[in-house]
Amino acid sequence: MAEIVGGFLVPHDPVMFVARDAAPAEQAEKVWGAFENCAERLAASGATTVVIVGNDHYMLFGTTCLPKYCIATGHVEGPLDQLPGLKKEQIANNEALATAIAEHGSESGFDWAVARSFTTDHAFSIPYQLIVKRAAELSGREIKAVPVYLAAAVDPFITTHRARQLGEQIRDAVLAFDSDDKVAFIGSGGISHWVGTKESGQVNEEFDRRVIDLCCSMDIDGLASLTNEEILEQGGNGAMEIRNFICAMAASGAAHGELVEYQPVPAWVTGLGLIELRV
Amino acid sequence: MKRDVLERVLWNLSVDRFSKVKFKENPTQYLSRFPLGAEDVRMILEFDVKALQEAGVSPLLTLGYWIEMSPDRQMSTYNKKLGSESGYSGSIKG
């Protein structure tokens, strides 16, 4: 059966790419270095597949259909929103595992929206290219990636409790999957940031530290109990992405989290936290 | 002011190449395809992102349509239109 080897919670901040020099050099070095550190840790974990839990930013899914949760079971490419240093490419999906997760879900009360051919956005492709692809280079082995997208930036949002249940369902499906895959999870997003609103550029370090503490202690109940109003007020509309953290944490079944790096970077409009989930 | 139609138009203008071309050719004619009121049309043509957000439109879409279609595409102008003095320069969704 497949084995779960851990995971990461990391930001997917596109401003890092479009305004690299805007952040103080010391902070920038720490954040870019932390992504490399995560890649090294992933390489050392032996992972052969990474399920990346991200969210659309009203680009991939339009007003005609807004799925609460979606999994790509076939061809994958991306990102749609290319950035300097983040170019569109073909991505090796673990199609058998992705299909197994969707089928397991349909038999256990989780009606996945399925993308047979999918284009990612930066929520998937930033952690994919900086961590998964880099870990493959470092380890010399292929590491496949499965895109899971939650409604965490566009309403109607998936509830935090459903995000947790979904993570548990993914975990059950992986552990029941007949293969020798070693699977890791990445929750992509956060922490505090305001997107497209007049508050853009603010960072709430106190809120970020609170979220980091909850993640490191694997207090999913504490994270899931944050109300939408609380998150929007203290962390901004971008912090709704902690749903991705909750899902990945529940899927990993980690014993605890270890903070790799945290930097509040107003010039990059985000409180950037990177955490390893250790099983 | 119907959020659903406003969001459909702004989504088209954020990601759909055909819509972007048609809007640039003749904005008023393009918008006439949708059941929009006079105030809706004004908000879109004048890139009044503050009014659009007050009408319930997602900030992700006001930002996307601003970046793709506005005359100067500058975030400083976008922020001023929202009533913010934010000096951040990042010009993309996050």
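Heavy-atom basis, side chains included; hydrogens, waters and symmetry copies ignored. Note that this is a predicted model, so its numbers are computed, not measured. Each chain gets a letter, A, B and so on, in the order the sequences are listed, and its residues count up from 1.
Residues that satisfy the salt bridge (Lys or Arg N to Asp or Glu O under 4.0 Å) test with A/D213, not counting sequence neighbours, are absent from this structure. Taking A/D21 as the reference, nothing meets the side chain to side chain contact (heavy atoms under 4.5 Å, CB included) condition, with sequence neighbours excluded.
A/A123 does not touch chain B: none of its heavy atoms, backbone or side chain, sits under 4.5 Å away. Of the two parts of A/T64, only the side chain, counted from C-beta on, holds a non-hydrogen atom closer than 4.5 Å to a non-hydrogen atom of chain B. In this structure, the portions of B/E7 lying under 4.5 Å from any heavy atom of chain A include both its backbone and its side chain.
Between chain B and the residues A/D155, A/L80, A/T270, the most heavy-atom pairs under 4.5 angstrom are made by A/D155.
Between B/F47 and B/Y65, the ring planes lie parallel to each other; the angle is under 30°, not in the 30° to 60° tilted range. Note on ring orientation: taking the six-membered ring where Trp is involved, the planes of A/F35 and A/W32 are tilted (angle from 30° to 60°).
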